[in-house]
Amino acid sequence: MNSPIQNLLVVGTGTMGGGIAQVAAAVGATVFLYDLVPGAAVKARQRIEDSLRRAETKGYVTATVRERTLKGLRPIECMDEARGVAVVVEAVREELSVKQAVFQELEKKTQPETSLWTNTSMISITEIARPMRHPERLVGVHFFNPVPRMELVEIIAGERTSEATLVTAEASVRHWGKTPVRAPDRPGFIVNRLLDALLREALALHEEGVSHMEIDTAVRLGLNFPMGPMELMDLVGLDTIQDCLKSQAAGMKRPVDCGTDLPRLVAEGKFGKKSGEGFYTYET
Ligand code: CAA
């Protein structure tokens, strides 16, 4: 790739979509934000603005970067407004059929040379691409939460992904200040395969009566992790974690093992930090 990506479309403006939009806009790209839910893209821009203000107060970003980022973020209500973009990043729900439907629509609504990225954290790129007419355009580009802070991006080739698509993705995320690592198209890729084991054991310990605070303190101090598994689940979102554990189990062809605490909290609408309560309670 000779020049950095000038414009992209982010489909799905939740935590991950918003974070990806933020890091791309921070280096001067125009980022269209689109979400199926009316008004969600505008709300995402507002969330990013609030987060940037906090980041500026902490000295992580300058006023210039904050202003440049906000200038580049364009919420749209109709995907057609972003027809000419170089890249589309999909960050919708972790469900194979949902992602497949999004990419079938994107194939029709974008130019043939547009790269299509999926930010899936678990689902096979080959499977997402299966109904596509041009699967060589699709690549897995997996960011980590919180996107502005996490340096790693896993780059995953499906069976039919072209080398050009891979190279564009790697060069782009490098330009955004990230470090790409090529990961295999296996369930969980690298990081989430390892994380899956940690989280399942943490949930099992919790059900055996060990408190979430004890688990987190033990992992932070005993393994030097920046945060423990229970607070990490709250940060990522318990609904997302549940989807990930189910998807990983399906991919590895073993029974789902989420325990009972996690499904109960999700059923009660306690999704972690974003809803104000999960294993911990948060001030809104
Ligand atoms: N530009 C813009 N914003 C920045 C920034 C930058 N350069 N640097 C930091 N920020 C923002 C953050 O986005 C965050 O914003 P909010 O106020 O909106 O929350 C805020 O500053 C917090 O950052 P701090 O650095 O002040 O916070 P901290 O020092 O307490 O560290 C942490 C918090 C980064 C989350 C740290 O505890 C950590 O690294 N935890 C582990 C995170 C982790 O493991 N993530 C992977 C999750 S798994 C995953 O994502 C995979 C999946 O598919 C499910």
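First listed ligand is number 1; within each ligand, the first listed atom is number 1. If you're wondering where the values come from, they're calculated on a predicted model, not measured in any experiment. In what follows, every heavy atom counts, from backbone to side chain, and hydrogens, waters and symmetry copies are set aside.
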Inset, instruction - Using distance alone, determine whether Lys58 and ligand 1 share an N or O pair under 3.5 Å. - result: yes

Legend entry - Nearest-neighbour protein heavy atom for atom 36 (C) of ligand 1, which is reported as residue plus atom name and distance: Pro226 CB, 4.0 Å

Legend entry - Nearest-neighbour protein heavy atom for atom 54 (C) of ligand 1, which is reported as residue plus atom name and distance: Val236 CG1, 3.7 Å

Legend entry - Atoms of ligand 1 close to Phe144 [distance to a heavy atom under 4.0 angstrom, numbered from 1]: 49 (C), 50 (O), 51 (C)

Inset, instruction - Compute the minimum heavy-atom distance from Gln22 to ligand 1 and say whether it is under 4.0 Å. - result: yes

Inset, instruction - Pick out which of Thr161, Thr165, Thr110 makes a side chain to side chain donor-acceptor pair (under 3.5 Å) with Arg137. - result: Thr110

Inset, instruction - Indicate yes or no: does Asp50 engage Arg54 in a salt bridge with an N to O separation below 4.0 Å. - result: no

Inset, instruction - Output yes when a side-chain donor or acceptor of Gln100 lies under 3.5 Å from a complementary backbone atom of Pro131, and no otherwise. - result: no

Inset, instruction - Return yes when Arg47 approaches ligand 1 closer than 4.0 angstrom through a heavy atom, no otherwise. - result: no

Inset, instruction - Quick one: sort the Trp176 and Phe143 rings into parallel, tilted or perpendicular, breaks at 30° and 60°. - result: parallel

Inset, instruction - Work out which heavy atom in Glu231 is nearest to a heavy atom in Gly228; give both atom names and the distance. - result: OE2-N, 2.8 Å

Inset, instruction - Among all protein heavy atoms, pick out the one at the shortest distance from atom 45 (N) of ligand 1; state its residue, atom name and that distance to 0.1 Å. - result: Asn145 O, 2.8 Å

Legend entry - Nearest non-hydrogen protein atom, atom 17 (O) of ligand 1: Arg54 NE, 2.8 Å

Legend entry - From Leu195 atom CG to Leu232 atom CG, the distance as rounded to the nearest 0.5 Å: 6.0 Å

Legend entry - Heavy-atom protein contact below 4.0 Å for atom 14 (C) of ligand 1: no

Inset, instruction - Could you tell me whether the side chain of Glu154 and the main chain of Ala183 form a donor-acceptor pair under 3.5 Å? - result: no

Legend entry - Path from Met16 to Val88 over hydrophobic side-chain contacts below 4.5 Å: no

Inset, instruction - Please report which non-hydrogen protein atom sits nearest to atom 33 (C) of ligand 1, along with the residue it belongs to and the distance in Å to one decimal place. - result: Arg149 NH1, 4.5 Å

Legend entry - Nearest option to atom 44 (O) of ligand 1, as decided by whichever heavy atom of Asn192, Ile48, Leu232 sits closest: Leu232

Inset, instruction - Report the nearest protein non-hydrogen atom to atom 40 (N) of ligand 1: residue, atom name, distance rounded to 0.1 Å. - result: Met227 SD, 3.3 Å

